[in-house]
Amino acid sequence: MNPRRIVLAVSGGIAAYKAPELVRALTGAGHNVRCVMTRDATRFVSPLVLEALSQHPVGDDLFDSQSGEIDHIAIADWAEVVLVAPITANLIAKLARGITDDLVTAVVLATRAPLLVAPAMNVNMWNDEVTQRNLAALRERGFETVGPDAGDLACGWQGEGRMSDPAVIADAAERVLTAQSLSGQRVIVTAGGTSEPIDSVRSVTNRSSGKMGFAIAAQAALRGADVLLVAGETPLATPFGVDRIDVGSALEMHEVVLRELAGAQVVIKAAAVADFRPREASTLKIKKEDLAPDGGLQIDLVRNPDILADVCTEVKASGGKQVVVGFAAESHDVIPAAQRKLERKGCDLIVANDISRSDAGFNVDENAVSFVWPEGEIEELALLPKSQVAAELLDRVEKLLGERT
Ligand code: PMT
């Protein structure tokens with residue numbers, strides 16, 4: 001990933017205990033992080049912890065210069081984004097008024113970098129009119145916000161006021177740093193395997209974990225797209241900024257994708273759709289003792305609709321300009337099979353992956369894909385993290401969108 005310079009400013013609330021985890025999430029993604037703290041924040045988390053994790057000195061004093069430069073200006077200028085997490089009601093109020101009486105407020109006022117704040121406080125403090133007014137003033141000045149979430153609060157109350165999870169804040173920071181090249185575009189991504197019921201407990205399904213499709217949805221959201229993720233069975237958490245509809249069977253996925261198609265500019269079908277479903281599903285569990293003595297069970301399978309092909313037909317019939325991308329999961333004869341699929345289904349691009357490899361394809365974090373184009377061109381990519389495959393794919397999608405406007 002592209003390493004960026006991130007200043008994390010920590011203010012004095014109980015959620016400051018999550019600051020070390022946030023530093024780890026950011027440095028783990030390859031970023032260079034420097035921390036500044038309010039004096040109150042140092043009562044909740046030791047600067048030494050943040051220093052060890054960020055591998056930079058941590059400032060908490062406006063007048064104690066560590067670099068020989070004027071610290072708050074040097075840090076403010078160094079930042080590509082300034083992230084304030086947690087931000088308390090007190091700090092929101094100070095920043096809304098432009099008060100700069102410590103290192104954190106001085107860095108925030110001095111920086112020209114984008115600002116992202118993650119509020120955390122008691123639910124009543126959060127809902128108080130003055131807090132909301134102060135926050136609105138910050139938003140008007142271009143501050144982005146992430147959270148707070150609702151739930152059990154450290155003070156014993158329940159409701160809005162929990163700081164978002166560090167992973168979610170890290171994703172939000174990533175989004176602030178990413179060019180919003182898909183802003184204004186609605187992107188539908190399908191992911192995971194469909195599940196075709198045999199009875200009330202059994203089903204026919206695919207091995208897909210959903211990782212590839214979720215990575216595409218996350219990457220599209222980072223680029224500012226309005227993303228709808230249509231997900232089959234998967235335990236994966238919804239990426240930051242993504243709308244999600246869970247579906248079970250191929251018929252359900254077909255219904256959702258075709259219904260949403262008219263409002264979208266891009267459809268990317270990474271889901272592993274079961275090609276067949278049992279002709280009839282029992283609403284009750286089939287009992288073994290009800291079967292013939294030999295114990296066998298015959299299941300009559302019928303074909304599922306081809307969602308990708310139906311999307312392409314619909315786009316052509318309506319004269320739509322949508323970009324449609326399919327995947328091809330192949331165990332052998334990969335490129336010719338993908339080319340045949342591309343022609344048969346009529347999409348703009350097929351992403352071919354060799355699912356016979358153990359280090360790529362299903363269930364793993366990396367993939368080795370080739371982009372197969374209608375004009376015959378094949379672009380073969382190296383083994384890459386799925387997030388990077390997603391980024392490469394979206395670069396191509398953006399180019400296609402550009403050619404159509
Ligand atoms: O989820 P992961 O564990 O990360 O694994 C990723 C993946 C291997 C599942 C993914 O990279 C992938 O290849 N997805 C497509 C899997 C698949 O069903 O391929 P296919 O060759 O059978 O289908 C070709 C295309 O038609 C796909 O875009 C598929 O979504 C679509 N299709 C297939 C059948 C059907 N009835 N309707 C469809 O829309």
Side-chain angles (χ1 to χ4, degrees), residues 188-196 204-219 229-237 239 247-258 260-261 266-277 301-315 322-372 381 383-390 392-394 397:
I188 299 175
V189 182
T190 69
T194 64
S195 173
E196 314 299 326
V204 178
T205 185
N206 293 58
R207 283 174 53 204
S208 168
S209 65
K211 286 181 177 182
M212 188 65 249
F214 274 57
I216 296 167
Q219 209 28 251
L229 178 60
V230 184
E233 274 182 16
T234 165
L236 297 178
V247 294
S249 64
L251 288 177
E252 280 175 49
M253 186 174 276
H254 185 271
E255 203 262 348
V256 173
V257 173
L258 272 289
E260 298 289 333
L261 178 61
V266 180
V267 180
I268 303 177
K269 288 234 58 264
V273 183
D275 287 307
F276 301 95
R277 68 179 183 280
L301 297 175
V302 293
R303 273 197 104 90
N304 269 326
D306 188 319
I307 307 167
L308 179 59
D310 286 355
V311 165
C312 294
T313 306
E314 181 69 30
V315 168
Q322 286 106 323
V323 170
V324 184
V325 178
F327 272 68
E330 308 295 342
S331 57
H332 57 288
D333 198 21
V334 177
I335 299 298
Q339 283 171 322
R340 288 194 295 275
K341 263 179 198 162
L342 177 72
E343 198 171 330
R344 201 167 62 240
K345 304 202 185 209
C347 47
D348 296 294
L349 168 64
I350 281 265
V351 184
N353 39 200
D354 180 351
I355 50 161
S356 67
R357 290 175 61 151
S358 60
D359 60 349
F362 289 125
N363 289 329
V364 290
D365 291 330
E366 300 194 315
N367 209 357
V369 305
S370 298
F371 295 135
V372 179
L381 269 58
L383 182 67
L384 293 170
K386 283 181 175 167
S387 56
Q388 251 170 286
V389 173
E392 293 284 346
L393 172 59
L394 291 176
V397 167

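Computed from heavy atoms alone, side chains included, the values below leave out hydrogens, waters and symmetry copies. In listed order, ligands and their atoms are each counted from 1. When a residue number appears, it is its place in the shown sequence, counting from 1.
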Is [X] touching ligand 1 with its side chain, its backbone, both, or neither, if touching means heavy atoms under 4.0 Å apart?
X    : answer
N353 : side chain
R207 : neither
N367 : side chain
A270 : backbone
A329 : both
A250 : neither

Ligand 1 N/O within reach of [X] N/O, cut-off under 3.5 Å:
X    : answer
N304 : no
I307 : yes
N363 : yes
M212 : yes
P305 : yes
T190 : no
A328 : no
V364 : no

Which residue and heavy atom of the protein sit nearest [atom], plus the separation:
atom                    : result
atom 34 (C) of ligand 1 : D275 OD1, 3.3 Å
atom 22 (O) of ligand 1 : K341 NZ, 4.1 Å
atom 24 (C) of ligand 1 : F327 O, 2.8 Å
atom 4 (O) of ligand 1  : K386 NZ, 2.7 Å
atom 28 (O) of ligand 1 : K269 O, 2.7 Å
atom 2 (P) of ligand 1  : S209 OG, 3.3 Å
atom 18 (O) of ligand 1 : A272 CA, 3.3 Å
atom 9 (C) of ligand 1  : F362 CE2, 3.5 Å

Proximal ligand 1 atoms for [X], defined as those under 4.0 Å from one of its heavy atoms:
X    : value
G210 : 1 (O), 2 (P), 3 (O)
L308 : 25 (C), 26 (O), 28 (O), 31 (C), 38 (C), 39 (O)
K211 : 1 (O), 2 (P), 4 (O)
S208 : 1 (O), 2 (P), 3 (O), 9 (C)
G361 : 5 (O)
D306 : 35 (C), 36 (N), 37 (N), 38 (C), 39 (O)

>> Quick test of your reading of the structure: of A271, G326, A215, whose heavy atom lies closest to atom 29 (C) of ligand 1?
In response: A271

>> Test side-chain contact (heavy atoms from CB on, under 4.5 Å) on F327 and N353; report intermediate values, then the result.
In response: CA-CA 8 Å; F327 272 68; N353 39 200; 4.0 Å; yes

>> If we only consider heavy atoms of K345, is any one of them less than 4.0 Å away from an atom in ligand 1?
In response: yes

> Is M253 in contact with ligand 1, taking contact as a heavy-atom separation below 4.0 Å?
Replying inline: no

> Stepwise, does the side-chain contact (heavy atoms from CB on, under 4.5 Å) test hold for S370 with V334?
Replying inline: CA-CA 9 Å; S370 298; V334 177; over 6 Å; no

>> I'd like to know if the side chain of Q322 reaches the main chain of L261, judged simply by a donor and an acceptor atom lying under 3.5 Å from each other, with no hydrogens or angles considered.
In response: yes

> Is the backbone of R303 close enough, under 3.5 Å, to the side chain of R277 for a donor and an acceptor to pair up by distance?
Replying inline: yes

> Does L383 have any side chain to side chain contact (heavy atoms under 4.5 Å, CB included) partners at least two apart in sequence or in another chain, and if so, which?
Replying inline: R357, D359, A360, E366, A368

> Sequence neighbours excluded, which residues qualify as side chain to side chain contact (heavy atoms under 4.5 Å, CB included) partners of N206?
Replying inline: A272, A274

Quick check: closest heavy atoms across [X] and [Y], and the distance to 0.1 Å?
X    : Y    : result
L236 : S209 : CD1-O, 3.5 Å
S249 : T194 : C-CB, 3.9 Å
G213 : V189 : O-CG1, 3.5 Å
G192 : S208 : CA-OG, 3.2 Å

> Which is it for F371 and L393 under the side-chain contact (heavy atoms from CB on, under 4.5 Å) test, yes or no, and what are the steps along the way?
Replying inline: CA-CA 8 Å; F371 295 135; L393 172 59; 3.9 Å; yes

Out of curiosity, [X] [atom1] to [Y] [atom2], how far, rounded to the nearest 0.5 Å?
X    : Y    : atom1 : atom2 : answer
N304 : E196 : CG    : CD    : 4.5 Å
D306 : K341 : CG    : NZ    : 9.5 Å
R340 : I335 : CZ    : CD1   : 11.5 Å

